[in-house]
Amino acid sequence: DAGVTQSPTHLIKTRGQQVTLRCSPKSGHDTVSWYQQALGQGPQFIFQYYEEEERQRGNFPDRFSGHQFPNYSSELNVNALLLGDSALYLCASSLERSNQPQHFGDGTRLSIL
Amino acid sequence: EDKVVQSPLSLVVHEGDTVTLNCSYEVTNFRSLLWYKQEKKAPTFLFMLTSSGIEKKSGRLSSILDKKELSSILNITATQTGDSAIYLCAVVKAGGTSYGKLTFGQGTILTVHP
């Protein structure tokens, strides 16, 4: 039973560049949420996708955007990278209308130079 | 604004000690509180507490939800070095989607020395 998988594991970018992170949900899950975890902090909710639409959004600027594909996988895009975007980006999946908690992937460590 | 606060922020103990981690929350329309353990990467689920399930136990770990005090505790007895991790508390609000946005606290870093 494949869990949540994220790619790449690590990424180094420079200020102003853009980045795309990818997530495949746990088998059987249809909802994907993205979180940003800065060093020493708890994860912060970015947004959630269900049925290929953004359903909820946290307090993040429009530079952060996403997409969900028909196979439920998802991408997180960040434009015009800032030093403050350096963080661990976590993807979590769940099944809509279930009573089960979200399952997390190992994350992508993004470093901005 | 929804708020989740954990204490202490860090804790150092020796193997065999018992620890209690605290989580308090201020959210409108509370639905559930979750505890996760984060070792190096992915947070792994420990417990979910709701109005219908305010106490959970699994081996040496247990958790209680106090809806009156808007708080929860996570207890770990007979700690082992493998318990060293960041313990995260998160709340989910009622209404809208099922298990949508998780609002996390800043975490408690637990270090267990041999």
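Throughout, a chain's letter reflects where its sequence line sits, starting with A, and its residues are numbered from 1. Computed from a prediction, not measured in an experiment: that's the story for all the values here. Excluded from the calculations below are hydrogen atoms, water molecules and symmetry mates; all remaining heavy atoms, backbone and side chain alike, are included.
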Trainee: What part of A:Tyr50 is in contact with chain B, defined as an atom under 4.5 angstrom from a non-hydrogen atom: side chain, backbone, both or neither?
Mentor: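 For A:Tyr50, no heavy atom lies under 4.5 Å from chain B.
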Trainee: Taking atom CG of A:Asp106 and atom CD of B:Gln38, what is their separation to the nearest 0.5 Å?
Mentor: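 It comes to 10.0 Å.
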Trainee: Between A:Leu81 and A:Leu11, is there a shared hydrophobic cluster once you connect ILVMFWY residues whose side-chain heavy atoms come closer than 4.5 Å?
Mentor: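 Same cluster.
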Trainee: Between A:Gly107, A:Gly40, A:Pro43, which shows the greatest number of heavy-atom pairs under 4.5 Å with chain B?
Mentor: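 Among the listed options, the one with the most contacts to chain B is A:Pro43.
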Trainee: What are the two closest heavy atoms between B:Leu88 and A:Gly42, and how far apart are they?
Mentor: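 The pair with the smallest heavy-atom distance is CD2-CA, 4.1 Å.
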Trainee: If two hydrophobic side chains count as joined below 4.5 Å and joins carry through other members, does A:Ile112 share a cluster with A:Val78?
Mentor: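 Yes, one cluster joins them.
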Trainee: Do B:Phe45 and B:Leu110 belong to the same hydrophobic cluster, where Ile, Leu, Val, Met, Phe, Trp and Tyr are linked whenever their side-chain heavy atoms lie under 4.5 Å apart, directly or via other members?
Mentor: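 As far as the 4.5 Å side-chain criterion goes, B:Leu110 and B:Phe45 are not connected within one cluster.
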Trainee: Take atom NZ of B:Lys57 as the centre, draw a 6.0 Å sphere, and report whether it contains more than 12 heavy atoms from other residues, nucleotides or ligands.
Mentor: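 For B:Lys57, atom NZ is crowded (more than 12 foreign heavy atoms under 6.0 Å).
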Trainee: Please report the closest heavy-atom contact between A:Gln102 and B:Leu102, naming both atoms and the distance.
Mentor: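 That closest heavy-atom pairing would be OE1-CD1, 3.7 Å.
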Trainee: Name the region of A:Gln6, side chain, backbone, both or neither, that has any atom closer than 4.5 Å to a heavy atom of chain B.
Mentor: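 It is neither, since no heavy atom gets under 4.5 Å.
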Trainee: Does atom CZ of A:Arg15 have more than 12 heavy-atom neighbours from other groups under 6.0 Å away?
Mentor: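 Check fails, neighbour count at 12 or below.
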Trainee: State whether the number of non-hydrogen atoms from other residues, nucleotides or ligands found under 6.0 Å of A:Leu39 atom CG is greater than 12.
Mentor: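 Atom CG in A:Leu39 is not packed in, count stays at 12 or less.
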Trainee: Could you give the distance from CZ (B:Phe104) to OH (A:Tyr35), rounded to the nearest 0.5 Å?
Mentor: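 Between B:Phe104 CZ and A:Tyr35 OH, I get 5.5 Å after rounding to 0.5 Å.
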Trainee: Which atoms of A:Thr108 are under 4.5 Å from chain B, going by heavy atoms: the side chain, the backbone, both sets, or neither?
Mentor: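 Nothing of A:Thr108, per the 4.5 Å heavy-atom cut-off to chain B.
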Trainee: What do the steps show when you test A:Asn59 against B:Glu1 for side-chain contact (heavy atoms from CB on, under 4.5 Å), and what is the final call?
Mentor: CA-CA 11 Å; A:Asn59 191 24; B:Glu1 184 181 333; over 6 Å; no
Trainee: Please find the pair of heavy atoms, one from B:Lys41 and one from A:Leu90, that lie closest to each other, and give the distance.
Mentor: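 Distance-wise, the nearest heavy atoms are O-CD2, 4.3 Å.
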Trainee: At their closest point, which heavy atom of B:Ala42 faces which heavy atom of A:Gly105, and how far apart are they?
Mentor: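 Closest approach of B:Ala42 to A:Gly105, heavy atoms only: CB-O, 3.0 Å.
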Trainee: Tell me, yes or no, whether the heavy-atom count around B:Phe47 atom CZ, taken from other residues, nucleotides or ligands under 6.0 Å, exceeds 12.
Mentor: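 More than 12 heavy atoms, drawn from other residues, nucleotides or ligands, come within 6.0 Å of this atom.
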Trainee: For residues B:Trp35 and B:Ile64: do they belong to one hydrophobic cluster (side chain heavy atoms under 4.5 Å, members Ile, Leu, Val, Met, Phe, Trp, Tyr)?
Mentor: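 No.
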Trainee: If I measure from the heavy atoms of chain A, does B:Gln6 come under 4.5 Å with its side chain, its backbone, both, or neither?
Mentor: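 For B:Gln6, no heavy atom lies under 4.5 Å from chain A.
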